[in-house]
Amino acid sequence: MRDVFNFNPGPAVLPEPVLESTSKAVLNFANTGMSIMEVSHRSKEFDALLVETESLVAEVMGIPENYKVLFLQGGASLQFSMVPMNLLSGGKTADYIDTGSWSSKAIKEARKVGKVNVAASTKDDKYTRIPSPSELKLTPGAVYCHITSNNTIYGTQWQTFPDTGNVPLVADMSSDILSRQFDVSKFGIIYAGAQKNMGPAGVTVVVIRKDLAGDVPEDLPTMLKYSTHVENSSTFNTCPVLAIFVVHEVLKWLKNMGGVPEMEKLNNKKAAVLYDVLDSSSFYRGTVQKDSRSRMNVPFRLPTEELEAEFLAGANKRDLKGLKGHRSVGGMRASLYNALPLEGVQKLADFMAEFEKLHS
Ligand SMILES: *Cc1c(COP(=O)(O)O)cnc(C)c1O
């Protein structure tokens, strides 16, 4: 057992059994006598793993038959471009909801490609909340509506997804995929860089409704077309073999833990421990509105920056790692992804109580 609790925002904590099985496969994958890094992405051993990884994603997320799961590269950031390049041609309009830095980046890329309507933004409130349904100025007949399901930097999260009628939602779920249950059929595309809740950096999971991959501009570069990857089941070119292996192990671990429903319960419990500390203290201050709180990333401030520096140093000494907040928000941020155990959050809460007693 490791002594360190890793609160990093991403790349982030991975389950210990996953690190163990990966270390074995780095030496000898599936009794091939070769490392997972040495086998062909077209070998029968890896192909079996790829097929199983795809079906595990579908199983744990409850993905309907008319969707395809892809394993791509370029991070969530490439999806900011790929989504509009594939869907937003020919004078169509897409709605985007601006809830933070990652949403803004997605909007910036989409504007290079087509017409973007920012249907709501909480920028004027420093992104401390998710907009309410009545604030959304949705475009009738929009080709899709893009949201960021969890705002990793600001610590806000959509509690219920917006109702966009027949317009498919497209969601950047990089930092809360697999953390809670939801109805996939409301979404046209879901994408996530794996390095927060699913695995290591280097692979991006894309869940796409197959009909949306069908109708894309002919002149798009081959690698940027969803249809290329759907038709070739993610092996048009060399896929990130090692990263996909780790995703496979994470999914097996998650299933073993009781799947997404059990993860969700555990995540709610973990977040409650921390928010209870914030709510019962006048020393610590949560930075987001209560109805928008993320269960994955919890930013908070202390009374002064000097105390914040001292808090960070003390936390580090107690093996509570990665708590420094994003530079745009300051203070602390505790990321509580699936693989972070409840004990880690309790240890952090105990340290917070102790630190407050000493300094208030
Ligand atoms: C981390 C993160 C990204 C960036 O992902 P890359 O894989 O580094 O491109 C995008 N969106 C959200 C919500 C994130 O948390």
Side-chain angles (χ1 to χ4, degrees), residues 6-14 57 70-85 96-110 112 121-123 127-131 144-159 161-162 169-180 182 187 189-207 223-224 229 234 239-240 242-244 246-247 250 267 271 287-288 292-299 322 324-329 333-340:
N6 179 354
F7 293 88
N8 273 327
V13 58
L14 285 165
V57 174
L70 302 174
F71 303 99
L72 307 182
Q73 298 183 62
S77 298
L78 184 60
Q79 295 308 306
F80 297 165
S81 301
M82 265 179 85
V83 167
M85 287 173 98
Y96 275 73
I97 304 179
D98 175 25
T99 53
S101 318
W102 296 116
S103 311
S104 309
K105 287 185 175 161
I107 290 167
K108 186 175 167 211
E109 296 309 311
K112 295 178 186 173
S121 172
T122 52
K123 189 174 183 190
Y127 296 124
T128 53
R129 64 184 188 89
I130 296 291
Y144 60 84
C145 175
H146 182 281
I147 61 169
T148 311
S149 58
N150 181 73
N151 299 281
T152 324
I153 293 172
Y154 292 94
T156 62
Q157 186 176 31
W158 287 85
Q159 313 294 312
F161 293 117
L169 283 165
V170 170
D172 176 359
M173 292 200 183
S174 293
S175 53
D176 70 347
I177 194 163
L178 302 178
S179 73
R180 56 170 166 171
F182 66 93
F187 293 80
I189 297 179
I190 292 162
Y191 61 88
Q195 67 272 23
K196 278 112 189 196
N197 246 347
M198 288 193 109
V203 64
T204 310
V205 174
V206 175
V207 179
M223 275 295 285
L224 298 181
H229 302 291
S234 306
C239 56
L242 173 62
I244 292 171
V246 181
V247 170
V250 168
N267 287 331
T287 56
V288 309
S292 301
R293 283 172 163 177
S294 167
R295 280 147 284 171
M296 293 280 100
N297 311 95
V298 183
K324 193 171 168 52
H326 192 270
R327 60 193 180 277
S328 59
V329 179
R333 170 176 48 174
S335 296
L336 315 178
Y337 299 123
N338 285 353
L340 182 85

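Counting convention: from 1, in listed order, for ligands and their atoms alike. Start at 1 with the first residue, then count along the sequence.
For Lys112, the salt bridge (charged side-chain N to carboxylate O under 4.0 Å, His left out) criterion is met by Glu109, not counting sequence neighbours. The ring pair (Phe, Tyr, Trp, His ring centres under 6.0 Å) test applied to Tyr127 returns Tyr154, not counting sequence neighbours. Taking Phe80 as the reference, nothing meets the ring pair (Phe, Tyr, Trp, His ring centres under 6.0 Å) condition, with sequence neighbours excluded.
A 4.5 Å side-chain heavy-atom check between Tyr337 and Asn8 finds every atom pair outside the cut-off.
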Distances only, to 0.1 Å: what are the N or O pairs between ligand 1 and the protein that fall under 3.5 Å?
unit_1: ligand 1; atom_1: 7 (O); unit_2: Ala76; atom_2: N; d: 3.1
unit_1: ligand 1; atom_1: 7 (O); unit_2: Gln195; atom_2: NE2; d: 2.9
unit_1: ligand 1; atom_1: 8 (O); unit_2: Gln195; atom_2: NE2; d: 3.4
unit_1: ligand 1; atom_1: 9 (O); unit_2: Ala76; atom_2: N; d: 3.2
unit_1: ligand 1; atom_1: 9 (O); unit_2: Ser77; atom_2: N; d: 2.8
unit_1: ligand 1; atom_1: 9 (O); unit_2: Ser77; atom_2: OG; d: 2.6
unit_1: ligand 1; atom_1: 11 (N); unit_2: Asp172; atom_2: OD2; d: 2.6
unit_1: ligand 1; atom_1: 15 (O); unit_2: Thr152; atom_2: OG1; d: 2.4
unit_1: ligand 1; atom_1: 15 (O); unit_2: Lys196; atom_2: NZ; d: 2.7

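Of the candidates Asn151, Thr122, Thr99, Asn151 is the only one forming a side-chain hydrogen bond (donor to acceptor under 3.5 Å, both in side chains) with Thr156.
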- Query: Going through the distances and angles, do Tyr144 and Tyr96 end up as a side-chain contact (heavy atoms from CB on, under 4.5 Å)?
  - Reply: CA-CA 8 Å; Tyr144 60 84; Tyr96 275 73; 2.7 Å; yes
